[in-house]
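What follows is a short report on a single structure.
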Amino acid sequence: MPGPLALTFRVSATQLGQLPDSPAEIAFVGRSNVGKSSLINALANRRQLARVSNTPGRTQLINLFTLPSGATVVDLPGYGYAKAPGNVRASWRAMIEGYLLDREPLAMVYVLVDGEIGPTPLDVQMLDWMRANELPHTVVATKWDKVKSSRRDTRRRELAAKCQLEPGDIVYVSAAKNTNLDQLRGLIDLHLTV
Ligand code: GDP
């Protein structure tokens, strides 16, 4: 069983060039409020490693964490904040796309979608873009505790179909209830093995 991820915060960057070299990296991406900070905190078993915020869209930074092996974990700023002005959205897009296309050590991108209500049209756009650019990615459905157990099978199929995946391709997690975090940690270990 993999233990909590021993993440240490290293740097916040606004540009790709500000990121340190890394032997292997994974990244988390998702729309604002999808539960990304909560998930990173839960994976590390820490309360405040990544900020959990109820005012989404504030942070427009690439946050990078290191593991004892030297491998790195990147928290990308959330997309799709409705109130963000057009120019903020455009600069987000340029920064994220630049990172995803050009970051050499990037081994896997975890695309977070809301397990209860996702994927949103923006999530689907993101997945289409990842596929078009042949970027390795894994869909993680968050807040799985919010889906009643009697609805989970239906929801799995619905979510997977909208993501053009099989239900078994998606990892269903709850940061609140620690559901399937070891499964995700196992995948992360695998992707970061250098
Ligand atoms: P971020 O904007 O993607 O970083 O999302 P946050 O981690 O800040 O979470 C957004 C909201 O969803 C907060 O109110 C969290 O408490 C809530 N949330 C996050 N993860 C879970 C979860 O696993 N279950 C439930 N029920 N709520 C969650």
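Each ligand, and each atom within it, is numbered from 1 in the order the structure gives.
Taking distance alone, with nitrogen or oxygen atoms compared against 3.5 Å, W144 stays at or beyond that limit from ligand 1. Between K146 and ligand 1, no pair of N/O atoms sits closer than 3.5 Å. Residue contacts with ligand 1: S32 is placed with no nitrogen or oxygen under 3.5 Å of a nitrogen or oxygen of the ligand (distance criterion only). Looking at ligand 1, you won't find any N or O of L39 less than 3.5 Å from one of its N or O atoms. Checking only distances, V173 never comes within under 3.5 Å of ligand 1, N or O to N or O.
Pairs passing the ring pair (Phe, Tyr, Trp, His ring centres under 6.0 Å) check and including a residue from residues 131-189, sequence neighbours excluded, read W144-Y172.
Ring orientation note: the planes of Y110 and H191 are tilted relative to one another, at an angle of 30° to 60°.
Atom CZ of R152 has more than 12 heavy atoms from other residues, nucleotides or ligands within 6.0 Å.
Within the structure, ligand 1 has S174 among the residues with a heavy atom less than 4.0 angstrom away.
Counting only distance, with no hydrogens or angles, the side chain of T142 and the backbone of V113 share a donor-acceptor pair below 3.5 Å. With hydrogens and angles disregarded, a donor-acceptor distance shorter than 3.5 Å links the side chain of R155 to the backbone of E116.
Residues forming a side-chain contact (heavy atoms from CB on, under 4.5 Å) with A27 (at least two apart in sequence, or on another chain): V74, L76, Y99, L106.
The option with the heavy atom closest to atom 11 (C) of ligand 1, from among D145, N33, T179, is N33.
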